[in-house]
Structure formats: structure tokens, C-alpha cells
Peer 1: 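Below is the structure I would like to discuss, written out as C-alpha cells.
We name chains A, B, ... by the order of the sequence lines, and we start the count at 1 in each one.
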Protein chains: 2
Amino acid sequence: MFPEFKDYIQRQANLSDDEIELMRSRAVEKTLRRKEFLVHQGDVCRYKIFITRGLLRTYHAREDGSERIMQFSPEISWTTDPESFEYSTPSNFNIAALEPSEVVLWTKSDLRYLIDNIPGLKTYFDKLISRSGHIFRQRIFTAIGASAEEKYEEFVKNYSHILTRVPLHMVASYLGVTRETLSRIRHAQVIRK
Amino acid sequence: MFPEFKDYIQRQANLSDDEIELMRSRAVEKTLRRKEFLVHQGDVCRYKIFITRGLLRTYHAREDGSERIMQFSPEISWTTDPESFEYSTPSNFNIAALEPSEVVLWTKSDLRYLIDNIPGLKTYFDKLISRSGHIFRQRIFTAIGASAEEKYEEFVKNYSHILTRVPLHMVASYLGVTRETLSRIRHAQVIRK
DNA sequence: TGTAAGCGAGGACATTTATCACCGTTTTTA
DNA sequence: TAAAAACGGTGATAAATGTCCTCGCTTACA
């Protein structure tokens with residue numbers, strides 16, 4: 001698990017061997033079974049999570065059983081609940097594995113220490129945050145102005161690698177439509193073709 | 001205009017007089033008439049904008065005349081199109097004044113210089129970005145899972161100070177519903193009360 | 001200061017999307 | 001490996017929301 005992270009971070013940030021070793025010394029590796037939770041709604045999310053293998057999702061479950069999926073996190077990406085992680089408040093979200101997964105974890109205090117002592121890591125996270133801001137804005141733009149079909153096409157365009165790995169009702173929950181609507185959109189597209 | 005900014009930034013970041021003076025030396029002040037544009041769709045957004053007085057909005061206009069409002073920016077807040085500003089690419093958005101406004105502007109290179117030379121400013125922007133990320137996530141959460149009425153109530157809760165200053169059809173464009181729907185929601189609430 | 005534009009409301013109707021119920025198939029898991 | 005759960009689809013119907021229109025009233029501005 002850490003080796004995969006090391007390969008990735010060496011390509012993305014210019015870290016010395018010592019710096020990588022420092023990151024390793026604070027990292028915790030964890031294997032997740034399918035459907036296993038890393039964070040439960042109501043818990044504090046104590047880790048920043050790097051996924052080295054598998055696929056996670058971050059979602060809110062309502063009383064009535066319906067879900068809102070905020071994020072899919074495949075291998076070679078990060079996730080956490082930023083508010084819960086930063087302020088140690090109960091999270092509104094579950095983070096759970098959709099596939100058998102492997103992750104690397106850092107606590108808030110360890111991550112703070114690493115960022116404060118590894119300038120290249122700070123630069124790397126700054127870039128990452130900038131990119132994720134862009135993704136947020138695009139998603140808002142689509143969510144407030146696009147039809148269900150346009151939202152789906154946007155998803156296909158941006159996340160074709162995820163589309164093939166998750167059930168359609170979860171794609172629907174991510175888009176904010178019902179699974180029936182999504183099913184009909186797909187049907188209509190097949191017919192039109 | 002700069003004096004208002006100075007008051008604000010001194011309270012938010014611990015900047016020395018020299019640092020403030022450095023910011024001033026790179027700042028451009030600008031007065032905007034109602035309806036005046038600071039950025040047009042298709043232009044590059046060359047400035048990071050601090051509003052000292054008035055109210056701006058950032059929005060995308062479609063061919064058919066409909067609009068999607070991404071953000072309202074009242075006095076004592078920042079705005080820009082982050083992608084256009086960072087990468088000097090054409091913006092998808094207009095930024096225009098809804099009220100007579102006063103703003104302070106910095107170009108990308110000047111802002112980079114200031115952030116690189118004023119540590120407290122970097123810290124301040126990090127906090128700002130963290131907060132705006134939280135707002136983005138909340139907005140996505142509402143957009144994908146709430147009814148039109150819930151979206152409106154959320155807006156009232158978070159932005160009551162803006163609600164009173166913008167026409168309702170713009171609130172509707174921000175929420176991603178039609179002005180008629182918003183009008184009916186408000187009517188229904190009056191009746192229920 | 002008068003004229004045009006903007007604004008908020010609301011009626012009639014169309015469209016989109018959600019809800020509910022059910023089915024056959026595949027996948028999971030005990 | 002058999003039972004249970006998950007999955008994708010679809011029809012009938014309901015609800016939410018959008019579209020198009022008209023109408024007073026207010027506001028902006030030339």
C-alpha cells in the first residue's frame with residue numbers, strides 16, 4: 001500500500017527520500033473488505049485517506065433509506081470529510097468501500113506535522129485543492145442548470161472509468177435523480193442510437 | 001476603497017504596516033456603476049477582486065437568455081473566476097455589479113508576488129479556501145438532494161442579507177429553479193403561516 | 001418627469017421527474 | 001450451492017417543476 005503511494009507522490013511532488021520516509025513513519029495502512037466502513041455518519045472522521053487500491057464512496061444516508069453520494073474515490077486519489085477532519089466534529093457522511101480496497105491513513109496532527117515540515121507536500125496539496133475546487137464548481141454548475149440527461153452525459157464524460165464499476169442506482173444518487181429516471185435516460189439513448 | 005480592505009485584512013491576518021503597504025502598492029481601485037461588467041464571458045478574468053462596497057454577481061448566460069448564477073459577492077468578500085484567473089483561459093462567466101460598487105483588484109502576478117512575500121497572507125488565503133470548499137460542498141449537497149423549497153429555505157438561512165438586495169429571479173437562478181417556481185414556493189409559505 | 005424596463009405574481013397547461021409496484025436476472029454470501 | 005439480496009428495467013400514475021402568458025406596480029433613467 002505505501003509503495004503505491006510512494007510511486008504516486010514521487011511523480012507528483014518533489015520529495016526527498018527522507019521526506020518520503022517521514023511520511024511513511026506517520027502512515028497507517030488498512031485493508032477494507034467490500035461494504036466495510038471507514039467512517040460512519042455521526043463519527044468524527046479522524047483520517048485523511050489515500051486510496052491505493054479499490055473504490056470508496058462518501059455518502060449521506062437519510063432516515064428513509066435514500067442516499068446522497070458526494071464522491072467516488074478510486075485508487076490513486078484522496079478522500080476525507082474535510083469539515084469533520086479539520087474541526088473534529090461529527091461527520092454527516094459515511095465513507096465505505098464499494099470494492100475490496102487498500103488505503104493509507106494519516107491523522108490530522110500527523111498530517112499537520114508533515115505539511116509543516118515538507119514544503120513540497122504543502123505545494124502538492126495546494127495544487128490538489130485548487131483542482132478539487134474546479135471540480136466542485138463544475139458540479140454545482142451542472143447541478144443547478146442541467147437536465148437529468150445532461151447531468152448523466154457529464155458524468156459519462158468525466159467518470160467513464162467509474163461508471164463501469166458502480167451500480168447505476170449509485171450513479172443516480174450522485175447525480176441527484178432517481179434510479180428509474182436514470183434507467184429511462186439510458187434506454188432513450190440506446191433507442192436514439 | 002483600500003482603507004476598507006485594510007481594516008478588514010488587519011483583523012483577519014496579522015500583517016505588518018509594511019506588508020499592508022506592499023499590498024496597497026500593487027492594488028488597483030475601481031468604481032463600478034450598476035450593471036457594469038468587470039468580466040465578460042469569453043474574456044480572461046485577469047483580477048482577483050475584493051469588494052469594499054456594493055454587490056457583484058458571477059453568472060453564466062445562455063444563448064436563450066437564461067442565466068445560472070454561481071455566486072453573489074457582497075462588500076467585504078472576494079471573487080474571481082479561479083480557472084480563468086489561474087490559467088489565463090477565457091472565462092465562462094460574467095462578473096457584474098448589481099449595485100453601485102467599489103472594488104480593489106490585483107493581477108495574478110502581483111498576487112503571486114504578495115503571497116510569496118507575505119506569509120500571513122498565504123495563511124489567510126488557505127483559511128479562506130478551506131471555508132469556500134465547505135460552502136461548495138454544502139451547496140452540492142443541497143443541489144443534488146433537496147426540493148426547490150428546501151433549497152430556498154437553505155438560501156434564506158445562509159444568505160438573508162443577500163435575499164433582501166437582489167431580485168427574486170436571480171435567487172431562482174442561483175438555486176437552479178425558475179422564477180415562477182420560486183414565486184409559488186414563497187406564496188405557499190405565506191399561506192401556511 | 002414621463003416612459004420604458006424591471007419586477008413579482010398568478011393562471012393554464014406541458015413536461016420532467018418521482019413514486020410505487022412488479023419482474024427476471026445476476027451476484028453475493030451464508 | 002442454495003437462498004437471499006442486489007440489480008436493472010418498465011408500466012401506471014402522481015407530484016414537482018417548467019413554459020407561456022397576462023397583469024398591475026415599482027423603479028430606473030434619458
Peer 1: Picking from D:dG18, C:dT28, C:dG6, which would you name as closest to the side chain of B:T178?
Peer 2: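 Nearest listed nucleotide: D:dG18.
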Peer 1: In whole angstroms, how far is the C1' atom of D:dG18 from the CD atom of A:E149?
Peer 2: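 After rounding, the gap between these two atoms is 17 Å.
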Peer 1: Quick one: which of D:dG9, C:dT29, D:dC29 gets closest to the side chain of A:L168?
Peer 2: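 Selected nucleotide: D:dG9.
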Peer 1: Please report the distance, rounded to the nearest Å, between NZ in A:K35 and C1' in C:dT29.
Peer 2: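 These atoms are roughly 9 Å apart.
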Peer 1: Any side-chain N or O of A:T181 less than 4.0 Å from the OP1 or OP2 oxygen of C:dT17?
Peer 2: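 Indeed not, no polar side-chain atom of A:T181 lies that close.
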Peer 1: If you check the B:S183 side chain, which of C:dA9, D:dC29, D:dG8 turns out closest?
Peer 2: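 In terms of side-chain proximity for B:S183, the closest of C:dA9, D:dC29, D:dG8 is C:dA9.
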Peer 1: Quick one: label A:R34 by what it contacts on the DNA or RNA (base, sugar-phosphate, nothing), any heavy atom closer than 4.0 Å.
Peer 2: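 It contacts sugar-phosphate atoms only.
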Peer 1: Could you state the CZ-C1' distance from A:R165 to C:dT27, rounded to the nearest angstrom?
Peer 2: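 Rounding to the nearest Å, CZ of A:R165 and C1' of C:dT27 are 18 Å apart.
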Peer 1: Could you state the NE2-C1' distance from A:H187 to D:dG11, rounded to the nearest angstrom?
Peer 2: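 Taking atom C1' of D:dG11 as the reference, NE2 of A:H187 is at 12 Å.
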Peer 1: What is the distance, rounded to the nearest whole Å, between atom CD of B:Q189 and atom P of C:dG8?
Peer 2: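 Taking atom P of C:dG8 as the reference, CD of B:Q189 is at 16 Å.
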Peer 1: May I ask you to decide whether A:K122 forms a salt bridge with A:E19, counting only side-chain N to carboxylate O separations under 4.0 Å?
Peer 2: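 No, A:K122 and A:E19 are not salt-bridged.
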Peer 1: Nearest to the side chain of A:E180, heavy atoms from C-beta on, is which of D:dG11, D:dT19, C:dT28?
Peer 2: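 In terms of side-chain proximity for A:E180, the closest of D:dG11, D:dT19, C:dT28 is D:dG11.
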Peer 1: Tell me whether A:E67 is salt-bridged to A:R57, with the criterion being a basic N under 4.0 Å from an acidic carboxylate O.
Peer 2: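 Salt bridge flag = yes for A:R57 with A:E67.
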Peer 1: Atom CZ of A:R186 and atom P of D:dG8: how far apart are they, to the nearest Å?
Peer 2: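 Atom-to-atom, A:R186 to D:dG8, this comes out as 8 Å.
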Peer 1: Which residue, A:W78, A:F50, A:Y47, forms the ring pair (Phe, Tyr, Trp, His ring centres under 6.0 Å) with A:W106?
Peer 2: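 Checked A:W78, A:F50, A:Y47 against A:W106; only one passes ring pair (Phe, Tyr, Trp, His ring centres under 6.0 Å): A:W78.
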Peer 1: Would B:E99 and B:R53 pass as an ion pair if we require N to O under 4.0 Å?
Peer 2: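 Answer for the salt bridge query: no.
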Peer 1: From the options C:dA9, D:dT17, C:dT17, select the nucleotide whose nearest atom is closest to the side chain of A:A148.
Peer 2: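 Per side-chain heavy atoms of A:A148, the pick is C:dT17.
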Peer 1: Is it true that atom CZ of A:R33 has more than 12 heavy atoms of other residues, nucleotides or ligands lying nearer than 6.0 Å?
Peer 2: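 No.
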Peer 1: Can a donor-acceptor pair under 3.5 Å be found between the side-chain atoms of B:R184 and the base atoms of D:dT19?
Peer 2: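 Result: at least one qualifying N/O pair found.
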Peer 1: Can you identify which nucleotide, out of D:dG11, D:dG18, D:dA28, has its nearest atom closest to the B:V177 side chain?
Peer 2: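 Of all the options, the side chain of B:V177 is nearest to D:dG18.
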Peer 1: How many whole angstroms separate atom CD of B:E99 from atom P of D:dC29?
Peer 2: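 Between P of D:dC29 and CD of B:E99: 13 Å.
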Peer 1: Atom CG of A:L98 and atom P of D:dC7: how far apart are they, to the nearest Å?
Peer 2: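 My rounded result for the distance is 9 Å.
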